[in-house]
Number of protein chains: 2
Amino acid sequence: MNKREAILETAVSLFAEKGYNQTSMQEIADGVGISKGSLYSFFTSKEELMISIYEHYQQLVFERVFIIGLDEDLPPLQKLEKQFTVQFEGILEYKAYMKMHMRGEAATNSKKISAMEHRMRGRLFSWLEKSLVSLYGEELSAYKWDMLFMIQSIYRTYMMLMVSGKAKISPAKIGKHIVRQLEAMAIDFIRGNSHPILDEEMMKDFVVEMDKEGVFISFEKREQAWKTFYTKLKDLEKSEASSLKEIANRISEETRKSRPEMVVIKGLFALLKENGEIAAAAKVLENEILSE
Amino acid sequence: MNKREAILETAVSLFAEKGYNQTSMQEIADGVGISKGSLYSFFTSKEELMISIYEHYQQLVFERVFIIGLDEDLPPLQKLEKQFTVQFEGILEYKAYMKMHMRGEAATNSKKISAMEHRMRGRLFSWLEKSLVSLYGEELSAYKWDMLFMIQSIYRTYMMLMVSGKAKISPAKIGKHIVRQLEAMAIDFIRGNSHPILDEEMMKDFVVEMDKEGVFISFEKREQAWKTFYTKLKDLEKSEASSLKEIANRISEETRKSRPEMVVIKGLFALLKENGEIAAAAKVLENEILSE
DNA sequence: TTTCACCCCGACTTAATAGTCATTTTGAAG
DNA sequence: CTTCAAAATGACTATTAAGTCGGGGTGAAA
């Protein structure tokens with residue numbers, strides 16, 4: 001078994017349970033069943049261990065949302081609902097990690113860790129913002145910020161409930177529920193029953209801070225590869241594209257699993273590469289995925 | 001100047017800024033301009049210091065809401081709105097304390113502190129629950145939990161924005177806004193457009209946990225004194241009661257200030273005690289308030 | 001000026017834990 | 001069985017910070 005991953009898993013569950021500062025490297029080593037010295041041969045510091053945790057899990061939890069976002073056939077509301085659903089599926093799967101992240105306590109120790117946590121929160125924000133804009137466009141601008149903050153807070157609350165294990169709720173139900181809340185809010189604003197209290201001026205600093213971290217613009221390499229691939233796919237004629245997209249979706253599904261089967265992924269990519277026009281993009285994407 | 005309070009203030013702002021674990025007793029002592037030794041003559045441990053902070057501020061921030069709750073002349077919705085408003089006024093006044101509390105980081109170190117933070121959150125919950133029940137009664141039961149969690153999360157989000165200082169919003173506006181969201185949600189549930197996803201069964205553990213802490217039932221002595229007093233007041237005839245209530249409100253207003261004037265409070269109580277029927281209750285309340 | 005009670009100080013002790021490195025163990029190859 | 005390089009170990013060092021305590025300063029009264 002991969003020792004590095006065993007360390008990450010143990011560390012995550014200890015950090016989630018007792019907190020970053022309250023967990024010693026010795027405890028982590030004991031938990032994995034190795035010595036402190038060995039632990040330090042994998043991660044040169046506690047900080048690096050924490051950063052590796054973020055690098056390892058962040059992608060796993062958020063990529064699936066991004067990929068659904070690329071699917072242009074789904075109507076916006078349904079797409080958002082599906083995104084929330086897979087998001088909550090991810091949360092359920094990586095409970096301990098989300099719990100650790102939600103404590104947000106490690107951030108106080110290190111600039112780097114703080115930047116990662118901040119960035120992760122920013123990602124959620126950025127995604128929600130894009131979704132809101134694509135749903136309501138111009139009409140939205142006046143109450144965009146209030147909706148962003150309110151929906152994000154509701155999202156976080158259900159996430160918290162899920163992670164704490166107190167309520168066993170199906171991801172699909174929460175997805176539906178949150179989207180309905182979003183709609184109800186939007187309607188109330190549009191009808192003029194609700195009035196926004198946040199505005200562009202107030203949020204100026206906030207936007208600057210987000211931009212500084214690059215959350216509104218940057219993409220991970222892997223996500224970029226997906227994007228390029230889907231763009232290529234769109235250029236193909238309909239009939240051909242849809243079957244290829246099904247294959248691509250199956251790949252994305254496989255990568256989401258905690259223990260993806262490499263053979264399956266390779267096989268699916270082999271199918272994709274049979275089409276000359278997208279072979280190159282598929283190759284790039286494959287490398288990006290298999291390099292993990 | 002009162003050194004004990006100076007320590008509390010310095011500690012709160014350091015804890016808010018850097019976090020509990022990242023702030024040393026030496027720094028606090030330096031901040032106040034005394035030595036570590038002296039610091040330990042006021043508080044025998046870091047934990048006790050933190051607990052004293054909670055004891056000192058908790059009451060200050062929440063009592064005002066409770067007192068408005070006792071006023072039975074206000075229609076329910078307006079009452080709730082006013083309660084949110086004064087609540088946010090309190091948050092604004094004790095920003096550093098709220099910031100510290102929201103980090104919620106100290107809890108990981110001590111059972112006692114964790115219990116206090118938990119209790120404080122529970123108080124908010126309990127207050128919201130009572131408000132919801134008095135607003136919607138039986139009709140509410142099916143979607144009570146979802147509304148509780150959603151409204152509480154929205155409340156926390158605006159509190160966070162206020163405390164972070166990023167957005168300068170008036171408490172009155174937020175009060176109105178949150179109540180409107182509550183209404184819109186309730187309407188959506190009642191019309192059957194939204195469907196609850198939390199139910200009594202799921203929340204069983206949660207309720208038990210709350211009850212264990214006593215947040216759904218217990219009152220502080222001071223609040224109990226207020227309650228008794230207002231009950232007595234209600235027994236008087238209308239004309240007399242209203243002028244006395246005004247005096248009582250003025251007292252509550254004074255106690256809310258960061259530096260209440262004791263003379264003013266004593267004077268107002270003297271007025272109240274002129275009425276034989278409520279003199280006893282007034283005396284109890286006065287003692288409770290002045291003993292602080 | 002001297003005395004004395006009181007308060008205040010900061011160097012010291014103690015404990016926890018991040019990070020290091022000389023030594024030991026392991027297991028594969030000869 | 002012997003060799004040896006790589007991996008694993010845990011005793012050790014260094015640092016940080018909570019909590020203690022004996023000595024020193026202060027100011028009022030004589």
Side-chain angles (χ1 to χ4, degrees), chain A residues 1-55 100 103 105-117, chain B residues 1-55 100 103 105-117:
Chain A
M1 191 224 188
N2 186 343
K3 209 168 276 181
R4 199 187 133 94
E5 272 183 37
I7 295 171
L8 289 176
E9 264 178 46
T10 305
V12 161
S13 69
L14 283 170
F15 287 157
E17 192 190 324
K18 325 186 358 164
Y20 181 78
N21 288 305
Q22 278 59 52
T23 303
S24 72
M25 291 299 262
Q26 189 61 63
E27 285 174 283
I28 296 169
D30 291 350
V32 186
I34 59 173
S35 71
K36 203 140 74 93
S38 299
L39 181 52
Y40 274 94
S41 75
F42 286 97
F43 305 95
T44 58
S45 71
K46 201 179 180 183
E47 186 187 24
E48 200 210 292
L49 171 56
M50 184 52 130
I51 289 168
S52 302
I53 287 172
Y54 271 102
E55 280 169 354
M100 183 202 85
R103 299 184 75 121
E105 174 208 0
T108 54
N109 280 37
S110 140
K111 278 262 169 286
K112 273 191 196 170
I113 296 174
S114 146
M116 292 212 94
E117 292 192 345
Chain B
M1 192 223 184
N2 186 343
K3 209 167 276 178
R4 199 188 132 93
E5 271 182 37
I7 295 170
L8 290 177
E9 265 178 44
T10 305
V12 161
S13 70
L14 284 170
F15 287 157
E17 193 190 323
K18 324 184 359 162
Y20 181 78
N21 288 304
Q22 278 58 53
T23 303
S24 71
M25 291 298 261
Q26 188 62 62
E27 283 174 282
I28 295 169
D30 291 350
V32 184
I34 59 172
S35 72
K36 205 143 71 91
S38 299
L39 181 53
Y40 274 94
S41 75
F42 287 96
F43 305 96
T44 57
S45 71
K46 201 180 182 183
E47 185 187 23
E48 198 210 296
L49 172 56
M50 184 52 127
I51 288 169
S52 301
I53 288 172
Y54 271 102
E55 279 170 356
M100 182 202 87
R103 298 184 75 121
E105 174 207 357
T108 53
N109 280 38
S110 139
K111 277 263 170 283
K112 274 190 195 170
I113 297 175
S114 144
M116 293 212 92
E117 292 192 345

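Order of the sequence lines fixes the chain letters, A, B, ..., with proteins taken first and strands second; residue numbering starts at 1 for each chain.
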Rounded to the Å, how far apart are [X] [atom1] and [N] [atom2]?
X	N	atom1	atom2	answer
B/I7	C/dC7	CD1	P	14 Å
A/K18	C/dT17	NZ	C1'	12 Å
A/Q26	C/dA16	CD	P	13 Å
A/N21	C/dT17	CG	P	10 Å

> If you draw the axis of the six-membered ring of B/Y54, does the NZ or CZ of B/K112 fall within 45° of it and under 6.0 Å from the ring centre?
Replying inline: no

> Which of these, B/M50, B/R103, B/Q22, sits in a side-chain contact (heavy atoms from CB on, under 4.5 Å) with B/F15?
Replying inline: B/M50

> Are side-chain heavy atoms of A/S52 and A/R4 found at a separation under 4.5 Å?
Replying inline: yes

> Looking at side-chain heavy atoms only, is the closest gap between B/L39 and B/V32 below 4.5 Å?
Replying inline: no

>> I need the full list of salt bridge (Lys or Arg N to Asp or Glu O under 4.0 Å) pairs touching residues 16-39 of chain B, with sequence neighbours left out, sorted by first then second residue.
In response: B/K18-B/E27

> Distance only, no hydrogens: is a donor on one side chain within 3.5 Å (strictly under) of an acceptor on the other, for B/S38 and B/S35?
Replying inline: yes

>> Let me confirm one number: the CD1-CZ distance from A/I28 to A/F42, rounded to the nearest 0.5 Å.
In response: 13.5 Å

> Between atom OH of B/Y40 and atom CE of B/M25, what is the distance when rounded to the nearest 0.5 Å?
Replying inline: 4.0 Å

> Contact boundaries of DNA chain D with chain A (under 4.0 Å, heavy atoms), 5' to 3'?
Replying inline: D/dA8 to D/dG10

> Hey, can you pull the residues of residues 27-43 of chain A with a non-hydrogen atom under 4.0 angstrom from DNA chain D?
Replying inline: A/I34, A/S35, A/G37, A/S38

